[in-house]
Amino acid sequence: PDAGVISRAASMGIPQTVLEGDAAQWAPRILQELRAVNADLIALAGFMKRVPSTLVQAFPDRIINIHPSLLPEFGGQGMYGMNVHRAVLAAGKNISGATVHLVDEEYDTGPILLQESVPVLPEDKPEDLAARVLSVEHRLYPAAIKAFTEGRISRKGAIVTVETKRP
C-alpha cells in the first residue's frame with residue numbers, strides 16, 4: 001500500500017487495487033480484477049513472490065518481469081536487488097545487465113525477451129553496479145512493453161522473438 005506506484009497511478013486516474021498476504025489467497029481476486037479490465041499484459045516490477053500458476057495459466061505469454069542481471073545467471077529465489085549485484089561482484093564478473101523475460105511458474109526461468117549488458121568496473125560497489133543496471137532497466141522495460149503493445153513479440157516453443165521496430 002505504500003508503493004510509490006499507488007499514488008502515482010491515483011494521480012493519473014488509473015485504478016489500483018492493493019492485495020496483501022499470501023499469493024494463493026489473493027490470486028482469485030487479482031484474476032477477477034484483471035479480467036474485469038480486460039488486461040492484455042501484466043508487467044511485474046518489484047514483485048518478490050512466485051506468480052501463482054493459476055495466473056500464469058490464465059495469462060500465458062502475457063506476464064513479463066524485469067530482472068537486474070543477465071539471466072539465466074544470478075536469477076532464482078532470493079536473487080533480487082542488492083543480492084544480485086553482490087553476487088555478480090563476488091563472482092568476479094566483468095559484465096552484468098538487465099533482462100526482461102516472460103514469466104512462467106518458477107523464479108526467473110521464463111523465455112528472455114530483451115537483455116542489455118553493462119560493464120562491471122573494478123572499483124564497483126554493489127550500489128554503483130545497481131545504479132548502472134537500473135539505468136538500463138528504465139530503458140529496457142518500457143521498450144519491451146511497447147513491443148508487446150505493438151504486436152512485435154512472438155513465441156515458438158522456448159524461442160521468443162522481438163521484431164525490431166521499422167523506421
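Note that this is a predicted model, so its numbers are computed, not measured.
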- request: Kindly determine whether L34 and L55 satisfy side-chain contact (heavy atoms from CB on, under 4.5 Å), including the steps that lead there.
  value: CA-CA 10 Å; L34 292 166; L55 195 54; 3.8 Å; yes
Might you point out which heavy atoms bring [X] and [Y] nearest each other, and give the distance in Å?
| X | Y | value |
| --- | --- | --- |
| S96 | S69 | OG-CA, 4.2 Å |
| M82 | A130 | CE-CB, 3.6 Å |
| I66 | A98 | CD1-CB, 4.5 Å |
| V162 | A147 | CG1-CB, 3.8 Å |
| L129 | P119 | CD1-O, 4.2 Å |
| P68 | V84 | O-CG1, 3.2 Å |

Rounded to the nearest 0.5 Å, how far does [atom2] of [Y] lie from [atom1] of [X]?
| X | Y | atom1 | atom2 | value |
| --- | --- | --- | --- | --- |
| D128 | L121 | CG | CG | 8.0 Å |
| W26 | T17 | CH2 | OG1 | 12.0 Å |
| F74 | H85 | CZ | NE2 | 11.5 Å |
| L44 | I64 | CG | CD1 | 8.0 Å |
| I159 | I112 | CD1 | CD1 | 10.0 Å |
| M12 | S7 | CE | OG | 11.5 Å |

Between [X] and [Y] (side chain of the first, backbone of the second, donor and acceptor by atom type, cut-off under 3.5 Å), is there such a pair?
| X | Y | value |
| --- | --- | --- |
| T99 | H67 | no |
| D108 | G76 | yes |
| E73 | L70 | no |
| Q16 | I14 | yes |
| N83 | G78 | yes |

If hydrophobic clusters are built from ILVMFWY residues whose side chains come within less than 4.5 Å, do [X] and [Y] share one?
| X | Y | value |
| --- | --- | --- |
| L89 | M79 | yes |
| L140 | V120 | yes |
| Y141 | L71 | no |
| V51 | V5 | no |
| L31 | F47 | yes |

query: Hey, are S53 and E105 close enough side-chain-wise for a donor-acceptor pair under 3.5 Å?
result: no
- prompt: Taking NZ, NE, NH1 and NH2 as the nitrogens, is one of them in E150 or R152 under 4.0 Å from a carboxylate oxygen of the other?
  reply: yes
query: Would you call D124 and R132 a salt bridge, using N to O less than 4.0 angstrom?
result: yes
query: Under 6.0 Å from the CZ atom of R8, do we count more than 12 heavy atoms belonging to anything else shown?
result: no
task: Any pair with a residue in residues 30-44 that passes salt bridge (Lys or Arg N to Asp or Glu O under 4.0 Å), sequence neighbours left out, goes on the list, sorted by first then second residue, please.
output: R29-E33
field: Co-members of Y107 in a cluster of I, L, V, M, F, W and Y side chains, linked at under 4.5 Å
entry: none
task: Check step by step if side-chain contact (heavy atoms from CB on, under 4.5 Å) holds for L102 and R155.
output: CA-CA 10 Å; L102 292 175; R155 180 176 180 180; 4.1 Å; yes
- prompt: What's the verdict on side-chain contact (heavy atoms from CB on, under 4.5 Å) for F59 and V103, showing C-alpha distance, side-chain angles and the deciding distance?
  reply: CA-CA 10 Å; F59 287 85; V103 172; over 6 Å; no
- request: For H101 and Q115, run side-chain contact (heavy atoms from CB on, under 4.5 Å): C-alpha distance rounded to whole Å, both residues' side-chain angles, the deciding distance at 0.1 Å, then the answer.
  value: CA-CA 9 Å; H101 64 94; Q115 286 185 313; over 6 Å; no
query: Any side-chain heavy atom of P1 sitting closer than 4.5 Å to one from I6?
result: no
